Protein chains: 2
Amino acid sequence: MKKNPEQCQVVVALDMIVGKWKPIIIQHLLNGDVLRFNELRRLMPDITQRMLTLHLRELEEQDIVQRKVYPQIPPKVEYSITEYGKSLETVMDAMHEWGAAHVEHMEMKKKEDALSEKEI
Amino acid sequence: MKKNPEQCQVVVALDMIVGKWKPIIIQHLLNGDVLRFNELRRLMPDITQRMLTLHLRELEEQDIVQRKVYPQIPPKVEYSITEYGKSLETVMDAMHEWGAAHVEHMEMKKKEDALSEKEI
DNA sequence: CGGTATCCATAATGATACTG
DNA sequence: CAGTATCATTATGGATACCG
């Protein structure tokens, strides 16, 4: 991780959740589900094994996700949100709402643009 | 923009604000300041001209930032937040707060880890 | 089952020089 | 002043094969 330009704390928060699949992983765990590696894969059919591993490791490092290994064969590993990770919910909710609103905003804008085209 | 995996709206929101300098640009404009290109540069000494241009154009495209050109020589261009862009404030605040808390959390964790090292 | 290891493609950012 | 253009570098993600 490089220096945070202008010490902006927003950037700190962003660093936690950016990554193509991170927000989705977080969302899946935020409701309290405890999921095994392959369960997560099934929830995100397009993610590669590699990326799932990488992102999970990062989230673990960041104390957002807890990894519990059962030393048995075949192996069993469970992932869950940490207590601290739950604090992300507020942020995620805010973003979810804004994201939804944004989709609508963009659709509205499209229509407006289409209309003004006609007028010209 | 690629397809949003699992239609997660959080991802939509993230797309608006990710980019190494985007959140900082947004922060500088969110308080209502109207800033010229080089004023923004001075506020972010490490950004390159190229990246500032690219990010500003994207933010304009996204209807977050308004660009006003005064057709004169030497040129004068002013950037400001749009009405719609202001709606980002809630999200940015949430992230800022969480980011700040996260910094503290990580410092705490470091100390704890250091302590348990001693105990062993 | 839950991963690693390699290698590769693309995207994001940076450095530098130039311009109306 | 406010950019473009070009080239180089790095970060991110994907494909595939293999492993304990």
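Because the structure is predicted, anything quoted here is derived from the model rather than measured. Proteins come first, then strands; the chains are lettered A, B, ... in the order of their sequence lines, and each starts at number 1.
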>> Using the side-chain heavy atoms of Arg36(B), tell me which of these nucleotides is nearest: dG14(C), dG14(D), dC1(D).
In response: dC1(D)

Respond yes when some side-chain nitrogen or oxygen of [X] is under 4.0 Å from OP1 or OP2 of [N], and no when none is.
| X | N | value |
| --- | --- | --- |
| His55(B) | dT13(C) | yes |
| Tyr79(B) | dC1(D) | no |
| Lys20(A) | dG14(D) | yes |
| Arg57(B) | dT4(D) | yes |

> Of Lys76(A), Glu78(A), Gln49(A), Arg42(A), which is the lone residue that meets side-chain contact (heavy atoms from CB on, under 4.5 Å) with Phe37(A)?
Replying inline: Gln49(A)

Atom [atom1] of [X] to atom [atom2] of [N]: distance rounded to whole Å?
| X | N | atom1 | atom2 | answer |
| --- | --- | --- | --- | --- |
| Arg41(A) | dT4(C) | CZ | P | 13 Å |
| Leu52(B) | dA15(C) | CG | C1' | 16 Å |
| Lys76(A) | dG2(C) | NZ | P | 9 Å |

> Around Gln72(B), counting heavy atoms of other residues, nucleotides and ligands shown, do more than 12 lie under 6.0 Å from its CD?
Replying inline: yes

>> Should the side chain of Arg50(B) and the base of dT13(C) be counted as holding a donor-acceptor pair, with the cut-off at 3.5 Å?
In response: yes

> Counting any heavy atom closer than 4.0 Å, what does Tyr70(B) reach on the DNA or RNA strands: base, sugar-phosphate only, or nothing?
Replying inline: nothing

>> side chain to side chain contact (heavy atoms under 4.5 Å, CB included), that's the test. Do Ile17(B) and Met95(B) meet it? Break it down for me.
In response: CA-CA 11 Å; Ile17(B) 53 180; Met95(B) 289 205 295; 3.3 Å; yes

>> Can you tell whether the side chains of Lys86(A) and Glu89(A) come within less than 4.0 Å, N to carboxylate O?
In response: no

